[in-house]
Amino acid sequence: MSETAIIKIGDKSYELPIVEGSEGEKAIDITKLRAQTGYITLDSGYLNTGACTSAITFLDGEKGILRYRGIPIEQLAENSTFTEVAYLLIYGKLPNDAELVDWNNQLTRHTMVHEDLKRLFTGFPKDGHPMAILSCLVASLSTYYQDSYDPENPEHRQISMIRLIAKYPTLAAFAYKKSIGQPTIHPMNSLDYCSNFLNMMFAVPAEEYKIDPEISKALNLLLILHADHEQNCSTSTVRLVGSSLANIYAAISSGICALWGPRHGGANQEVLEMLISIQQSGLSVKQIVEKAKDKNSSFRLSGFGHRVYKNFDPRAKIIKKACDNVLTRLGIQDPLLDIAKELEEVALKDQYFVDRKLYPNVDFYSGIIYRALGIPTNMFTVMFGMGRLPGWIAQWKEMIESPDMKIGRPRQIYTGPTETSYADAKKKA
Ligand code: ACO
């Protein structure tokens, strides 16, 4: 007999089914709870709430495990490419050689954006944050593809997914070029995904730009590490918006906005700004750690802590090693890396961080690599979004193709005033 949970309310007991995942994770299925009992559950911040079943990414926060479609992140980081990982996440298996060539070819053939879309850039202030610009541009893509964005049409889904992955780097690089007043550089079909992005970011029409293969390789690694992380804030946002059957461009644009926040993807920008402020303020690392512990201050150590990882974030381990390698190979000595290492050492020994199981997360070292690659600080979260895009898409596709998809609509416990007449309320005004 399959396992069940018994819930007792007053003198009545209710039996609820238990759902078990392929890695032994268990959940109490409360789908019929309200119908049976009249009660709902309350779980602010969704600390205990599974919103879906998913076969894409497995992570074990206690053991520090992360796998895409069963393959450990360490092995993908070592052996794969970002576009291959994107295929893996979206279609559930590694592509064979012919499938990979075809996939890369399709991503290459859809990199250009409509010329009219470029005119949108002229409306943004020069110092507008690239995440705001990007979310706007991604949503605006829907205006160009109104004939092919029906989420319930498999052919529309396919072409929209390709368009998004192909065009995101073009839009990101265009946003950057606009912010520094340089002409935009068109995509080049002879280049691979990462090299093409670097070329659009850093080439200028006046001279030849040589792509450093080390930089392209490092970028590839960073994008792989960010490619999916199951039901995080931005992915859940993409699912929620997508569940209304809004088109994929609208759903992904919402994900970009969710990612922007400093408690989520925006932390990579915050980490670098924090390291620079430590360097400039002359404060010691110990003083910064004390400030992060002070409950009278809202300051937190950016790049530390994670909702799910209560052990080392496996991505942070890979990034820390890559950080050393990339800086050595590029011949860069960055004092911020020394500050980051000292900060990590001090925090990991501090009882406050030990007690709360706060470890460096993916954002802690990524900014130092991005900086070494020449990416400006306000573009860091845009880079995170480029990496996370296949994950958002894979999760959206899985949800749309699921036979039990329902619009996402949480409930609440109302705590406001009970019925008050307008006249009475006016008297009290
Ligand atoms: N610095 C100082 N204290 C912290 C930090 C931190 N970085 N992170 C958590 N804490 C403390 C909290 O103050 C709280 O202390 P308390 O129990 O005394 O009240 C305790 O640790 C638990 O923190 P919560 O905010 O309840 O944990 P939650 O799981 O909700 O938050 C989060 C996780 C948002 C990532 C948090 O650790 C944080 O704000 N970190 C800094 C921002 C960051 O790096 N975000 C990137 C996350 S990774 C990603 O999204 C890609």
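When a ligand or atom number is given, it counts from 1 through the structure's own listing order. For the single chain, residues carry numbers from 1 onward in sequence order.
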Short N or O distance, [X] and ligand 1, threshold 3.5 Å exclusive:
| X | value |
| --- | --- |
| R356 | yes |
| K310 | no |
| L301 | yes |
| F304 | yes |
| N361 | yes |

- Which atom pair, heavy atoms only, marks the closest approach of L66 to P314? CB-CG, 3.8 Å
- Task: Please work out which of the three classes, parallel, tilted or perpendicular, describes the rings of Y309 and H229, given edges at 30° and 60°.
- Result: tilted
- So F121 and F124, would you call those rings parallel, tilted or perpendicular, with 30° and 60° as cut-offs? perpendicular
- Nearest heavy atom to atom 25 (O) of ligand 1: which of E270, R300, R315 does it belong to? R300
Which atoms of ligand 1 sit under 4.0 Å from any heavy atom of [X]?
| X | result |
| --- | --- |
| G303 | 43 (C), 44 (O) |
| V362 | 51 (C) |
| A292 | 2 (C) |
| P262 | 42 (C), 45 (N) |
| F384 | 51 (C) |

- Please determine if E345 and K349 form a salt bridge, counting it only when a charged side-chain N lies under 4.0 Å from a carboxylate O. yes
- Salt bridge flag under 4.0 Å for residues R329 and D212: no
Name the closest protein heavy atom to [atom], giving the residue it belongs to and the distance to 0.1 Å.
| atom | value |
| --- | --- |
| atom 35 (C) of ligand 1 | G305 O, 3.6 Å |
| atom 14 (C) of ligand 1 | K295 NZ, 4.1 Å |
| atom 3 (N) of ligand 1 | Y352 OH, 2.9 Å |
| atom 50 (O) of ligand 1 | H264 ND1, 2.8 Å |
| atom 43 (C) of ligand 1 | A267 CB, 3.5 Å |
| atom 45 (N) of ligand 1 | R263 O, 3.1 Å |
| atom 33 (C) of ligand 1 | R307 N, 3.7 Å |

Any donor-acceptor N/O pair, [X] side chain to [Y] backbone, under 3.5 Å:
| X | Y | result |
| --- | --- | --- |
| N232 | E230 | yes |
| N268 | F380 | yes |
| H114 | Y144 | no |
| T235 | Q231 | no |
| T49 | A51 | no |
| S179 | Y176 | yes |

- Task: Would you check, one step at a time, whether the test side chain to side chain contact (heavy atoms under 4.5 Å, CB included) holds for H110 with I159?
- Result: CA-CA 9 Å; H110 286 86; I159 186 67; 3.5 Å; yes
- Query: Can a non-hydrogen atom of F299 be found less than 4.0 Å from any atom of ligand 1?
  - Reply: no
4.0 Å protein heavy-atom contact status of [atom], strictly under:
| atom | answer |
| --- | --- |
| atom 27 (O) of ligand 1 | no |
| atom 22 (C) of ligand 1 | no |
| atom 19 (O) of ligand 1 | yes |

- Kindly write out the residues that satisfy ring pair (Phe, Tyr, Trp, His ring centres under 6.0 Å) with Y68, not counting sequence neighbours, or none if the list is empty. none
Which part of [X] is near ligand 1, with near meaning a heavy atom under 4.0 Å away: side chain, backbone, both or neither?
| X | value |
| --- | --- |
| H306 | both |
| D363 | side chain |
| L358 | side chain |

- Task: Return yes when atom CD1 of I28 has more than 12 non-hydrogen atoms of other residues, nucleotides or ligands closer than 6.0 Å, and no otherwise.
- Result: no
- side chain to side chain donor-acceptor pair (under 3.5 Å): which pairs involve residues 358-374, sequence neighbours left out? D334-R371, E344-Y365
